[in-house]
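Have a look at the structure below before the remarks.
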Amino acid sequence: MTAPTTTRPSSETADLLQQTAPSPRPVDAERVAALVTQLLTALGEDPTREGLADTPTRVASWWADFLSPHTSANATCFTETGVNEQLIVVGGMSVWSLCEHHMLPMNLEVAVGYMPDGEVVGLSKFGRIAQRNAGRLQVQERFTEQVAAEITRATGSADTAVIVRGTHLCMSMRGVRMEPARTISSRKGGRFRTDPVLSQEFLTLATAHWRTP
Ligand code: ZN
């Protein structure tokens, strides 16, 4: 028997999410478009030429979309008895974010794992959690923390783990130009910290989806 229910955030994870929530202010698309026109001019371009005529409004509407990911805050959970000793891993998720230091794209491949504490989370929620936390100016390390905090909150289980592999255009196309460079970050809680066998099992399952660079 399963019944939908929701979990409450612990005060600790609620605090973390509070600190790192995106700005509640809406994007001023008109102003962004005007600033993009200025930027094009400052870059030596003619913003009135044919190819660029609609670029400022197009860019502004992209920013509005990117910074307004769906914010359905509560994950659907299902009470399920007898699943407490199972390791659940959801891998192969890929989201795009923007590095806040250079405002250049970063692709984040995400895998999460948890040991249910009497409740299991609808699997599609994990992708949405990743997407929502990617839709802002970010750094990979904070993204990893935020996803871990939200999964902990959604599952009501401290036994959670998140691993992220990032490809950062700020590394690949500027500066050191190391195209194949990948950045790995991981966050483990509860038994994933104390049980090396469980931790290793998670890593093996979580990274099985990763393409070689
Ligand atoms: Zn960067």
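Start at 1 and go down the list; that is how both ligands and their atoms are numbered. The residues of the chain are indexed from 1 along the displayed sequence. Bear in mind the structure is a predicted one, so any value in this text is a computation, not a measurement.
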- request: Go through Arg193 and Arg187 one step at a time and tell me if the side-chain contact (heavy atoms from CB on, under 4.5 Å) criterion holds.
  value: CA-CA 9 Å; Arg193 271 181 204 234; Arg187 177 75 161 81; 2.9 Å; yes

query: So, Arg182 and Glu109, do they make that salt bridge, N to O below 4.0 Å?
result: no

- request: Please identify each residue that fulfils ring-ring contact (aromatic ring centres under 6.0 Å, His included) with Phe192, with sequence neighbours left out.
  value: Phe202

- prompt: Using a distance-only test with no angle check, is there a side-chain donor-acceptor pair under 3.5 angstrom linking Asn133 and Gln138?
  reply: no

- line: The protein N, O or S atoms lying under 2.8 Å from the Zn ion (ligand 1) are Cys99 SG, His102 ND1, Cys170 SG

- request: State which residues pass salt bridge (Lys or Arg N to Asp or Glu O under 4.0 Å) with Glu201; sequence neighbours excluded, sorted by chain then number.
  value: none

Residues in side chain to side chain contact (heavy atoms under 4.5 Å, CB included) contact with Trp63, at least two apart in sequence or another chain: Val32, Val59, Phe66, Leu67, Leu98, Met103, Leu137

